[in-house]
Amino acid sequence: ASGVQVADEVCRIFYDMKVRKCSTPEEVKKRKKAVIFCLSPDKKCIIVEEGKEILVGDVGVTVTDPFKHFVQMLPEKDCRYALYDASFETKESKKEELMFFLWAPEQAPLKSKMIYASSKDAIKKKFQGIKHEYQANGPEDLNRACIAEKLGGSLVVAFEGSPM
């Protein structure tokens with residue numbers, strides 16, 4: 001445990017993404033599809049990274065492929081945490097489930113990898129009920145096949161509207 005705190009806003013965003021209350025179409029558009037979290041400059045708190053989110057309302061408007069866009073938002077040479085609201089289909093049904101990511105690319109500084117790894121439990125404790133947790137160490141870990149495997153393996157027939 002690194003003693004890193006989790007900002008209240010991070011918990012609020014998780015709650016809003018997790019709880020799908022009946023909403024007006026306008027409220028649905030404001031719901032977050034993906035959010036990236038980083039450590040504060042003093043490394044004492046996990047915060048929302050400024051400008052690093054995709055709203056449901058952006059999909060199909062400014063964002064054609066939300067998962068690809070999400071992957072492109074991750075920094076090439078530093079670690080991050082992220083929540084992604086994955087939409088996928090199995091042979092039986094359509095599903096939406098939250099995924100928690102630890103992004104720790106090979107090129108990230110060792111100190112960054114260590115603090116993100118040791119702080120992961122702090123943020124995970126706040127994210128009660130997450131079914132899918134995934135650590136990615138490079139772009140090759142963030143392809144649709146890897147994610148589909150994590151969400152349900154061969155049962156998954158489509159991910160984010162694209163057939164597998």
Side-chain angles (χ1 to χ4, degrees), residues 1-21 30-56 58-59 63 65-88 95-156 159-160 164:
S2 62
V4 167
Q5 301 297 307
V6 180
D8 292 343
E9 186 189 6
V10 171
C11 301
R12 205 169 31 251
I13 285 173
F14 168 69
Y15 181 80
D16 288 346
M17 286 177 78
K18 186 176 121 172
V19 178
R20 298 191 202 299
K21 41 193 183 289
K30 289 188 181 92
R31 190 186 303 144
K32 291 173 186 3
K33 173 83 178 155
V35 186
I36 296 177
F37 307 104
C38 61
L39 287 168
S40 58
D42 64 6
K43 308 273 185 258
K44 288 187 164 74
C45 192
I46 297 168
I47 58 172
V48 178
E49 188 169 2
E50 198 65 42
K52 297 286 185 171
E53 63 178 33
I54 301 171
L55 300 179
V56 172
D58 296 340
V59 178
V63 175
D65 182 334
F67 189 71
K68 188 175 169 190
H69 192 80
F70 163 70
V71 172
Q72 289 168 343
M73 290 192 317
L74 294 165
E76 204 177 307
K77 295 182 168 79
D78 204 1
C79 303
R80 290 295 184 269
Y81 304 110
L83 279 175
Y84 187 83
D85 194 358
S87 309
F88 61 102
K95 296 183 174 187
E96 283 185 24
E97 292 180 1
L98 278 182
M99 296 184 79
F100 171 68
F101 286 90
L102 168 57
W103 170 247
E106 303 291 336
Q107 302 98 313
L110 183 61
K111 192 172 180 186
S112 180
K113 287 185 199 177
M114 287 171 65
I115 193 163
Y116 272 84
S118 63
S119 307
K120 187 173 91 173
D121 279 350
I123 192 169
K124 266 189 58 191
K125 279 190 184 104
K126 302 285 184 184
F127 293 174
Q128 291 297 314
I130 287 265
K131 282 192 201 161
H132 307 283
E133 180 190 327
Y134 193 69
Q135 179 171 337
N137 300 321
E140 65 283 352
D141 296 336
L142 289 172
N143 66 51
R144 293 169 184 284
C146 293
I147 303 303
E149 185 59 42
K150 193 77 184 155
L151 291 168
S154 60
L155 297 175
V156 176
F159 175 68
E160 294 300 341
M164 292 312 298

Greater than 12 external heavy atoms within 6.0 Å of [X]'s [atom1]:
{"X": "Lys113", "atom1": "NZ", "answer": "yes"}
{"X": "Glu76", "atom1": "CD", "answer": "no"}
{"X": "Gln5", "atom1": "CD", "answer": "no"}
{"X": "Lys18", "atom1": "NZ", "answer": "yes"}
{"X": "Met114", "atom1": "CE", "answer": "no"}

*Just by distance, with hydrogens left out, do Gln128 and Tyr15 show a side-chain donor and acceptor under 3.5 Å apart?*
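Distance-only check fails for Gln128 and Tyr15.
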_Would you say Ser87 and Lys33 are linked by a side-chain donor-acceptor pair, where the criterion is simply a distance under 3.5 Å?_
yes
So which heavy atom on [X] is nearest to which on [Y], and how close?
{"X": "Leu74", "Y": "Arg80", "value": "CD2-CB, 4.3 Å"}
{"X": "Val156", "Y": "Met164", "value": "O-CG, 3.8 Å"}
{"X": "Glu133", "Y": "Lys150", "value": "O-CE, 2.7 Å"}
{"X": "Ser119", "Y": "Ile46", "value": "O-CD1, 4.1 Å"}
{"X": "Leu142", "Y": "Phe67", "value": "O-CE2, 3.2 Å"}

Nearest-0.5 Å distance, [atom1] of residue [X] to [atom2] of residue [Y]:
{"X": "Leu39", "Y": "Cys79", "atom1": "CG", "atom2": "SG", "result": "9.0 Å"}
{"X": "Ile54", "Y": "Gln72", "atom1": "CD1", "atom2": "CD", "result": "9.5 Å"}
{"X": "Phe14", "Y": "Leu83", "atom1": "CZ", "atom2": "CG", "result": "7.0 Å"}
{"X": "His69", "Y": "Asp58", "atom1": "NE2", "atom2": "CG", "result": "7.5 Å"}

Let me have the donor-acceptor pairs involving side chains of residues 100-109, under 3.5 Å, with sequence neighbours excluded, atom names and distances please.
from	atom 1	to	atom 2	distance (Å)
Trp103	NE1	Pro75	O	2.8
Trp103	NE1	Asp78	O	3.3

So, the side chain of [X] versus the backbone of [Y]: is there a donor-acceptor pair under 3.5 Å, distance only?
{"X": "Tyr81", "Y": "Tyr116", "value": "yes"}
{"X": "Tyr84", "Y": "Leu98", "value": "no"}
{"X": "Ser40", "Y": "Cys45", "value": "yes"}
{"X": "Lys131", "Y": "Met99", "value": "no"}
{"X": "Asp141", "Y": "Asn137", "value": "yes"}

*Knowing that exactly one of Asp8, Val10, Val4 qualifies, which makes a side chain to side chain contact (heavy atoms under 4.5 Å, CB included) with Val6?*
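Running side chain to side chain contact (heavy atoms under 4.5 Å, CB included) over Asp8, Val10, Val4 with Val6 returns exactly one hit, Val10.
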*Do Val71 and Asn143 pass the side-chain contact (heavy atoms from CB on, under 4.5 Å) test, and can you show the C-alpha distance, the side-chain angles, and the key distance before you say yes or no?*
CA-CA 9 Å; Val71 172; Asn143 66 51; over 6 Å; no
*asked:* Using side-chain heavy atoms (C-beta onward) and a distance below 4.5 Å, is Ile115 in contact with Lys120?
replied: no
*Heavy-atom side-chain proximity of Asp16 to Arg31 below 4.5 angstrom*: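 They are not in side-chain contact.
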*Between Phe88 and Phe159, does the ring centre distance come in under 6.0 Å?*
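Judged by ring-centre distance (under 6.0 Å), Phe88 and Phe159 do not meet the cut-off.
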*Would you check, one step at a time, whether the test side-chain contact (heavy atoms from CB on, under 4.5 Å) holds for Ile13 with Glu9?*
CA-CA 6 Å; Ile13 285 173; Glu9 186 189 6; 4.1 Å; yes
*Stepwise, does the side-chain contact (heavy atoms from CB on, under 4.5 Å) test hold for Ile36 with Val48?*
CA-CA 6 Å; Ile36 296 177; Val48 178; over 6 Å; no
*Starting from the C-alpha separation in whole Å, work towards a yes-or-no answer on side-chain contact (heavy atoms from CB on, under 4.5 Å) for Lys32 and Leu55.*
CA-CA 4 Å; Lys32 291 173 186 3; Leu55 300 179; 3.8 Å; yes
